[in-house]
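The block underneath contains the structure these notes are about, expressed in structure tokens.
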Protein chains: 2
Amino acid sequence: MTATPAKDALLTIREMCDAYDVTPRTLRFYEAKELLFPLRRGTARFFTYRDRARLKLILRGKRFGFSLEDIRQLLEMYDRDPGQQEAQLARTIELAQDRLAQMERQRAELDEAIAELKEQMDWGASALATLRRPAG
Amino acid sequence: MTATPAKDALLTIREMCDAYDVTPRTLRFYEAKELLFPLRRGTARFFTYRDRARLKLILRGKRFGFSLEDIRQLLEMYDRDPGQQEAQLARTIELAQDRLAQMERQRAELDEAIAELKEQMDWGASALATLRRPAG
DNA sequence: CGTCATGTTTACCTTAACGTAAAGCAACGC
DNA sequence: GCGTTGCTTTACGTTAAGGTAAACATGACG
């Protein structure tokens, strides 16, 4: 059982990587980009509950196709002034709507391309059949 | 009427750009990558019927999400040994099938992401409604 | 001859999200 | 004291498909 770590647990970089299936480079990169803020005991990193929560949001955001910079801004908004919940939530929903629209446009284009490609393939396939059955 | 140029017409780079909605940089780039082979009278370029046909295929390939390198290989195949039609067509269809499979996977992922995002948005929207109607 | 409009070459710049390599520290066991 | 792990920093590399800038050429026109 890969039990969820206790809330107050501090994870090393490796534990973090194993838990969320990312590389150390990725975690350091996210820290450099100010998406994560692990404790630094000396030079070593320890990832807190907060980092874990943020990482989950980051990964979800990436699945939605948000850039790391977009994600950073949202996270920053949420923990800079915790008391503007409404405005922040509204802003988040707005961004999500834009993104959703983008994704739907993209899907439409993909569908078109798929349809066109299929058509081309039928074309080619029948030409191929003709070539294989000469003088049909 | 932007009439299709005669088969033996030679187009300047600008005419070519206007006809296919690409930039000069793009055409020079494609030439450098050996996708196009305009005549070179001195230093000037003149695009032939063959270049126009190739460019159409290039643009179509791009719509399908093929890389320029993939496209180059297909074009090269077709005009290196014009007599292996069957094998070439078969190869092309094979590549197209791979690409189609990729696109369909991608579409599935996109659909998933869209669904998940919508779900999140409902979530957020109801939270937002609650925030706006305090102590509901 | 001057000067526009087009063309040309060369070559560095852009972007995102990490990968990868080099070199060094820190704690542990022995 | 030393070797082995595991971690760290620093910093350059990767990728595609062009964009952009500088400096130069060429031909037509007046």
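Owing to the predicted nature of the structure, the values given are computational and were not obtained by experimental measurement. To find a chain, count down the sequence lines: A is the first, B the second, and so on, and within it residues start at 1. Values below: all heavy atoms of this structure, side chains included; hydrogens, waters and symmetry mates excluded.
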Can you confirm whether B:Phe47 sits close enough to B:Leu27 that some side-chain heavy atom of one is under 4.5 Å from a side-chain heavy atom of the other?
yes
Do the non-hydrogen side-chain atoms of B:Glu104 and A:Ile114 ever get within less than 4.5 Å of each other?
yes
Going by atom types alone, do A:Gln102 and A:Gln106 pair a side-chain donor with an acceptor below 3.5 Å?
no
Using a 4.0 Å heavy-atom cut-off across all strands, classify A:Tyr30 as base, sugar-phosphate, or nothing.
sugar-phosphate
Is the number of heavy atoms from other residues, nucleotides or ligands under 6.0 Å of B:Arg41 CZ greater than 12?
no
Any luck finding a side-chain donor-acceptor pair between A:Gln120 and A:Glu116 under 3.5 Å?
no
Contact between A:Gln85 and B:Leu128 at the side-chain level, heavy atoms closer than 4.5 Å - yes or no?
no
How is A:Arg28 classified with respect to the nucleic acid when contacts are heavy atoms under 4.0 Å: base, sugar-phosphate, or nothing?
base
More than 12 heavy atoms from other groups under 6.0 Å of CG on A:Asp98
yes
Could you check whether any side-chain heavy atom of A:Gln84 comes within less than 4.5 Å of a side-chain heavy atom of A:Met77, counting everything from C-beta outward?
no
Name the first nucleotide and the last nucleotide along DNA chain D (5' to 3') that come under 4.0 Å of a heavy atom in chain A.
D:dC7 to D:dA11
Distance under 4.0 Å to a non-hydrogen atom of chain A counts as contact; along DNA chain C, which nucleotides mark the start and end?
C:dA17 to C:dT20
Have a look at B:Arg40 and say if it touches a base, only the backbone sugar-phosphate, or nothing, with a 4.0 Å heavy-atom cut-off.
sugar-phosphate
